[in-house]
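Only one structure is covered here, and it is reproduced in the block below.
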There are 2 protein chains.
Amino acid sequence: MATLSDVARLAGVTTATVSNVLRNPGKVKPSTVEKVEAAIASTGYRPNLMARALAEGKSSMVAMVLPDITNPFYPEFVAVAERVARDRNYFLMVCNTPDRPDIGLAYLKQITGTLAGGVLVLDTGILPGDIEQISNRRAPIVLASNEAIHYDEQVPHVVLDLHRAGEIAGQHLVELGHREVGAIVGCGLAGRQIVRLGGFESALQAAGLSLAPEHVRDTPDTVEGGRAAAESLLAANANITAIFATNDLMAYGAAQVLAERGIAVPQAMSLIGITDIHLARDMRPALTTVALHTETMATLAINLLLDLIEDPGHQPRSVKVPEPALVVRASTGVVAAI
Amino acid sequence: MATLSDVARLAGVTTATVSNVLRNPGKVKPSTVEKVEAAIASTGYRPNLMARALAEGKSSMVAMVLPDITNPFYPEFVAVAERVARDRNYFLMVCNTPDRPDIGLAYLKQITGTLAGGVLVLDTGILPGDIEQISNRRAPIVLASNEAIHYDEQVPHVVLDLHRAGEIAGQHLVELGHREVGAIVGCGLAGRQIVRLGGFESALQAAGLSLAPEHVRDTPDTVEGGRAAAESLLAANANITAIFATNDLMAYGAAQVLAERGIAVPQAMSLIGITDIHLARDMRPALTTVALHTETMATLAINLLLDLIEDPGHQPRSVKVPEPALVVRASTGVVAAI
DNA sequence: CTGAAAGCGCTAACAC
DNA sequence: GTGTTAGCGCTTTCAG
């Protein structure tokens, strides 16, 4: 592949000049610009981004590490993050860390500041302690959506009120008159989605209700997990009138079980999730859920990361996602008259 | 961040020695290995992968460009490609090229050989002509799943018999006794999924049937697209007994329309897709489909790319995915007696 | 306005 | 075994 000096030689100038026409046009006389551009065209020259990054001391690439790209939440996040990053002239590389936090950590150690100028870490079960050790001024790490972890203000992160999300779901069911409800709690790499459940329970308690332990199921954060949990819930509790899942994917699995058993949604059973992935809108009956504002979150997160890259002293070091919002669709209804 | 020479200074050796303990252990005396390792540990040194790539003349990163990460086929592909790449000590960066082939091409031009040692291109509507111009010996490009394009043997690619996939779907419906069927044809970046449709039609023809133009709908390759097409099909053709969609995502959309209208699947209407994404297995009724062997395809594709990177002369330059296979689930059945 | 020269962090001969 | 040296391809002062 043609290099800068190939181009320079062909144009009869030095590499410094070629570099200038590429990066500081205007500093070079139009006539030589022409010559250089001709040389570039004829050689098919493309700058070596690694060499540039080395010389400049900064990379045009940012990375994102996430636990499971087949969980639709992440692709939706990635799609917008990529667009925002591209608008700001960065490449986005996404790293999937199937199941194991140690892989995520290994990735992080290898690429932070060496391949990527910054990294956005989602839900990978990596602890702030490890993060701080790896991060450094010019290669920041931003954490997002990692609910089980308590951040201090040092580590840059995106604040998302997952407790409130659970609470909103709970309030909605309470308002519809539900008294006996089941809960499906996801357990992924990020740990048990306990904060969401906590919010949900607090809404019930505020209404003088409570969530019995036998109405709760822990399960993997997948469609299959949701299905298994719903089956177990149904088998053990004949009297529940609503099911809350800590995310939409599991709610989707639960919906299938209900459909298979001929349990009408929402007439005989209400169903509510959290997140508002595309699938929630697409499924039938469409899923009532609590929107986490994925697009906004992704935009804020990636912008924070890029701000931090471009200005290590950037303040504030954390950013807040708007409060979760109830999206009422077809899967919830008033509890049937007894 | 600590550099090689920081470590060397601290250990009282030169950078060459440090480099050796990192890459050619055994060439260095155990006692100095210890000193160096102590220095590495105390500085928290991590090699700069860009500098290494520059010096070695090759990158440990490969890229994958794809048109729509929110289409679940791609995440499923990515997940396995990433794992295989990691096993071979490469990082995988994925680039999403939302809708526009020009973005895909721009990505490709920028990263091929400069950030990524090789690129896997899926369905992005980029033409082999452009590819050849960009590719070069040390940074190969592998094309996969780009059905509308005719490859010559020069450009490395993955061969997938999409015509056969359509044919298998058609044969299945024919065998079940369907005579009047509708077809939903996806139109994404890769162009109209015409090859699949062609296979489907040839199966009908072999049975003495034909697919009337008014039974065919072109639509975007999404859930929403599938839904719109199904509605249109149903509105215009009261007598069809089966619907074929050129991929599962659209079949999923069609299934929702059928459910909403109370059209029983498969009793009143059979439904078949192509690909076998997870959703096909997860939806209810579970979708009969023609498996494209995504995992195998991804494995073959990424391995071909890495082989080509490690040996530019590697033969063969293309690789064949096993024939598509019918997966019978719950969405197809014998045509109802009249 | 353009050239010369140093250096980003690392690897890889090749000496010693 | 370990050090010396020369680059990888680019950017960036600083002279001219």
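Computed from a predicted model, the values in this text were never measured in an experiment. All heavy atoms count here, side chains included; hydrogens, waters and symmetry mates do not.
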Report each atom pair, protein N/O against N/O of nucleotides 6-10 of chain C, whose distance is under 3.5 angstrom.
{"unit_1": "C/dC8", "atom_1": "O2", "unit_2": "A/A55", "atom_2": "N", "d": "3.2"}
{"unit_1": "C/dG9", "atom_1": "N2", "unit_2": "B/A51", "atom_2": "O", "d": "3.4"}
{"unit_1": "C/dC10", "atom_1": "OP1", "unit_2": "B/Y45", "atom_2": "OH", "d": "2.5"}
{"unit_1": "C/dC10", "atom_1": "OP1", "unit_2": "B/N48", "atom_2": "N", "d": "3.0"}
{"unit_1": "C/dC10", "atom_1": "OP2", "unit_2": "B/L4", "atom_2": "N", "d": "2.3"}

Say whether B/Y90 and B/E310, considering side chains only, have a donor N or O and an acceptor N or O under 3.5 Å apart.
yes
Can you tell me how far the [atom1] atom of [X] sits from the [atom2] atom of [Y], to the nearest 0.5 Å?
{"X": "B/H314", "Y": "B/L306", "atom1": "NE2", "atom2": "CG", "result": "10.5 Å"}
{"X": "A/Q110", "Y": "B/N89", "atom1": "CD", "atom2": "CG", "result": "8.5 Å"}
{"X": "B/E295", "Y": "B/L300", "atom1": "CD", "atom2": "CG", "result": "11.5 Å"}
{"X": "A/M61", "Y": "B/I111", "atom1": "CE", "atom2": "CD1", "result": "9.0 Å"}

Any non-hydrogen side-chain atom of B/M50 less than 4.5 Å from a side-chain atom of A/S59?
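The answer is yes; the side chains approach within 4.5 Å.
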Can you find a heavy atom in the side chain of A/R88 that is under 4.5 Å from one in the side chain of A/N303?
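Side-chain contact under 4.5 Å: yes.
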Near DNA chain D, under 4.0 Å by heavy atom, which residues of residues 111-119 of chain A?
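Contacts with DNA chain D under 4.0 Å: none.
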Could you walk me through whether A/K29 and A/E34 pass the salt bridge (charged side-chain N to carboxylate O under 4.0 Å, His left out) test, one step at a time?
CA-CA 9 Å; A/K29 185 167 54 174; A/E34 262 182 60; over 6 Å; no
For B/L49 versus B/S60, what's the shortest heavy-atom pair and its separation?
CG-OG, 4.5 Å
Closest non-hydrogen atom pair, B/T97 against B/Y107
CG2-CD1, 4.2 Å
For B/V18 and A/T14, take the nucleotide of DNA chain C holding the closest heavy atom to each; which residue's nucleotide lies nearer the 5' end?
A/T14
Axis-to-axis angle across the helix from C/dC1-D/dG16 to C/dC16-D/dG1, five pairs an end, to 10 degrees?
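The value is 40°.
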Crowding at CD, A/E56 (>12 non-hydrogen neighbours, <6.0 Å):
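Above 12, so yes.
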Could you give all pairs that pass the side chain to side chain donor-acceptor pair (under 3.5 Å) test and reach residues 63-81 of chain B, with sequence neighbours left out?
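Every side chain to side chain donor-acceptor pair (under 3.5 Å) pair that includes a residue of residues 63-81 of chain B, provided the two are not neighbours, is B/D68-B/T70, B/Y74-B/D123.
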Which nucleotide of DNA chain D is the first, and which the last, in the 5' to 3' direction, to come under 4.0 Å of a heavy atom belonging to chain A?
D/dG9 to D/dT12
Quick one: A/R9 CZ to C/dT2 P, roughly how many Å, whole number?
19 Å
Partner set under side chain to side chain contact (heavy atoms under 4.5 Å, CB included) for B/T112, not counting sequence neighbours
A/R46, B/L108, B/V119, B/I134, B/A139, B/I141
